[in-house]
Amino acid sequence: MSPFLYLAAIAVPSIAIALCQSMHSGLPRLRRASSDGVLIDGRYRNVAVNGGVALAAYVAGIVLLGGYLVDAGRTSRWYAPLLVLLLYDFGYYWLHRALHWRSLMRRVHWVHHRTSHPTAVDSLYLHPLETVAGLVVLLASMAAVGPLGPGAFVATAIAHSLVNVLVHANLSIPARLAWLTNHWSARHDAHHSSSGNFGTITPLWDWLFGTSARTQHA
Ligand SMILES: [Zn+2]
Ligand SMILES: [Zn+2]
């Protein structure tokens, strides 16, 4: 697989985080709150650590699962990344619900919930175990659908990271084309500030299992 593909998988989400963070000065956020995470101790150090942990998890996944994940000689169908993300969304919904069990919240998920109104950079403000657990769900979903062609593998990894960034971006962009981004932001902001809305990509699992939170759109 071309090293440029790997580079794109790192560069695109990093640029998205930088863009979303910079947009906060020019666009209305959903809410302005003193607890939005800006002043949390060690926030950027934690984000850097989790960036490294995510990279290591991908490398470990490729080494351990290799042929189940990606096949250099294969061209995947266009919908393969969508299937992976749908499967991941289901797995992540249950992982996230489990992370809200008292013992896991106290040991792991509390780090991510230190911010009540997250911004893009908080997509990586996590306990490292949570980073690994989320990527295990993603890689398992890839293996279940795959093996994917190199392009589909990288496209899926980029889409997963981008969704995670946009879900936390807390931006209200005044454009119809941005309805999905605005919806993701509003839904997940409601999760951080109250409860419910455990799913990220689709609201489907929250609807089905009765865990939707009241979402306040800006
Ligand atoms: Zn949570
Ligand atoms: Zn979050």
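In listed order, ligands and their atoms are each counted from 1. All heavy atoms count here, side chains included; hydrogens, waters and symmetry mates do not.
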Quiz item: Ser194: what forms a side-chain hydrogen bond (donor to acceptor under 3.5 Å, both in side chains) with it, not counting sequence neighbours?
Solution: none

Exercise. Give a yes or no on whether a salt bridge exists between Asp122 and Arg43, defined as a side-chain N under 4.0 angstrom from a carboxylate O.
Key: yes

Self-check item: Aromatic ring proximity His113/His191, centre distance under 6.0 Å
Solution: yes

Exercise. Please work out the angle at the Zn ion (ligand 2) defined by atom NE2 of His168 on one side and atom NE2 of His188 on the other, rounded to 10°.
Key: 90°

Quiz prompt | Transitive ILVMFWY cluster of Val136, excluding itself - 4.5 Å side-chain cut-off | solution = Val49, Val53, Val132

Exercise. Among Leu139, Asp89, Thr156, find the residue that satisfies the side chain to side chain contact (heavy atoms under 4.5 Å, CB included) test when tested with Val84.
Key: Thr156

Quiz item: How about the Zn ion (ligand 1), which protein N, O or S atoms come within less than 2.8 Å?
Solution: His96 NE2, His100 NE2, His109 NE2, His113 NE2, His191 NE2

Quiz item: In the hydrophobic clustering that connects Ile, Leu, Val, Met, Phe, Trp and Tyr at side-chain heavy-atom distances below 4.5 Å, which members other than Phe209 occupy its cluster, ordered by chain and number?
Solution: Phe90, Tyr93, Trp94, Phe198, Leu204, Trp205, Leu208

